[in-house]
Amino acid sequence: MSEEEDGVKKEQRKAWREGAVRDRNVILHGGRGMVLDQIWLDAGNFLVDFNYANASSVSPPVLRLAKKDSFESVVMDHLRMNGAYWGLTTLDLLGKLDAVDKEDVISWVMQCQHESGGFAGNIGHDPHILYTLSAVQVLALFEKLDMLDIDKVSNYISGLQNEDGSFSGDVWGEVDTRFSYIAVCCLSILHRLDKIDVDKAVNYIVSCKNLDGGFGCTPGGESHAGQIFCCVGALAITGALHHVDKDLLGWWLCERQVKSGGLNGRPEKLPDVCYSWWVLSSLIMIDRVHWISKEKLVKFILDCQDLENGGISDRPDDAVDVFHTYFGVAGLSLLEYPGLKAIDPAYALPIDVVNRIFFGK
Ligand code: GRG
């Protein structure tokens, strides 16, 4: 790209960002250390529903609300449960979970549950295994797992296991190792792993392992850092990490670090802050995190912040969003960045939440 073109692109990005800034729904002041001082989440797109009614009860410096009918809000309507998980987990890592009204959140989450036991991405949408995990994770953040009919939720998940051990995402039948992870993670949080055939689930995941040591979404599928997180995470939770060739996979994963310090998701691709989670958590689970430069990765993530308004984008100078803000903060947490709670690399929840679930403390 010529210098002139680069200048034009930068101007366009700036204008886009300023427009996006005007449109944003919620500003959350993280207040954790200098650099993370003004975390900007467009979590409003996700969180606004359950705070909107009570806007006046939320103190303005912590949470400011605007319109909820923006374009972004409408097109993301169906995946709001996922957004809630990203935004709320970020807040918890920043020690700011009390910025939202717990009762409103829980009431909204419970209204997303269907008779089948599964949760939808929002009220009035269809249930899916992904939103079911997000709902369970959100309830776990608020110590409200006791709101659930555990058998009902776990029957919904176990009903999605196929004969070969794989999992479908919903009644329409798409199969993907993402859903294997989700099933295993969710049932483990609910203490109901016995509801599925764990051996078959593990064998299916192992059948998705490639010659490069990585994993794909189905047998023979290309290795991708996102799928690797899912497969390694599920194997970690089920105590089956011996199926991973740790040196081979560690080598593939550490090669994801590019010159800027950022990580990509597969060879020849651009770095993206979200891989700070998918790659780093996998490296930690297989005990090879010392094979990348942590300092360079911290710098890359911090370079992706919007220093004026907070929030984190995929790459420096791009527009921030709640997805990348979550994965940036979660990545920094894995890197032991000061002022953040520690996050569990397999359950993708703050460690104190995981300890509460498994050790009651
Ligand atoms: C609880 C953290 C957590 C996860 C739940 C949904 C899920 C389980 C895991 C998703 C794993 C995954 C496949 C992540 C990748 C997401 C992503 C950025 C995909 C982009 O893929 P491409 O091909 O991008 O568009 P690249 O970077 O390869 O160009």
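Keep in mind the model is a prediction, meaning the values are calculated, not measured. Every number for a ligand or one of its atoms is a count from 1 in the order of the listing.
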Between Asn122 and Trp108, a side-chain donor and acceptor under 3.5 Å: yes
Which value, rounded to the nearest 0.5 Å, describes the distance between Tyr337 atom OH and Leu302 atom CG? 4.5 Å
Please evaluate residues Arg178 and Leu130 with respect to the criterion side-chain contact (heavy atoms from CB on, under 4.5 Å), reporting the C-alpha separation (whole Å), side-chain torsions for both, the decisive distance (0.1 Å), and the verdict. CA-CA 9 Å; Arg178 277 177 300 156; Leu130 171 59; 5.7 Å; no
Among all the protein's non-hydrogen atoms, which is closest to atom 29 (O) of ligand 1, and how far away is it? Lys269 NZ, 3.1 Å
Under-4.0 Å heavy-atom contact with ligand 1, by part of Leu130 that carries it: side chain
Considering only NZ, NE, NH1 and NH2 on the basic side and carboxylate oxygens on the acidic side, decide whether Lys341 and Asp352 come within less than 4.0 Å. yes
Can a salt bridge be assigned to the pair Asp245 and Lys209 using a cut-off of 4.0 Å between side-chain N and carboxylate O? no
The closest protein heavy-atom partner of atom 16 (C) of ligand 1 is Trp278 NE1, 4.1 Å
Do the non-hydrogen side-chain atoms of Trp251 and Asp247 ever get within less than 4.5 Å of each other? no
Filtering Gln137, His224, Arg178 for the heavy atom nearest atom 15 (C) of ligand 1 leaves His224
In Å and rounded to the nearest 0.5 Å, what is the CG to OG distance from Leu253 to Ser223? 9.0 Å
State the atoms of ligand 1, each with its element, that fall below the 4.0 Å cut-off from a heavy-atom position in Cys230. 9 (C), 11 (C)
Rounded to the nearest 0.5 Å, the CZ atom of Arg192 sits from the CG atom of Asn155 at a distance of 9.5 Å
Give the contacting part of Cys185 toward ligand 1: side chain, backbone, both or neither, where contact means a heavy-atom distance below 4.0 Å. neither
Got an N/O contact under 3.5 Å between Tyr275 and ligand 1? yes
Under 4.0 Å between heavy atoms, the region of Ala225 that gets near ligand 1 turns out to be neither
CG/Asp314 to CG/Leu270 distance, rounded to the nearest 0.5 angstrom? 9.0 Å
Among protein heavy atoms, which sits nearest to atom 12 (C) of ligand 1, and what does the distance come to when rounded to 0.1 Å? Gly226 CA, 3.4 Å
Which of these, Phe179, Tyr85, Tyr181, has its nearest heavy atom closest to atom 8 (C) of ligand 1? Tyr181
Could you list the atoms of ligand 1 found under 4.0 angstrom from a heavy atom of Cys274? 18 (C)
Is atom 27 (O) of ligand 1 less than 4.0 angstrom from at least one protein heavy atom? yes
Pick whichever of Arg266, His324, Gln227, Glu268 has a heavy atom sitting closest to atom 13 (C) of ligand 1. Gln227
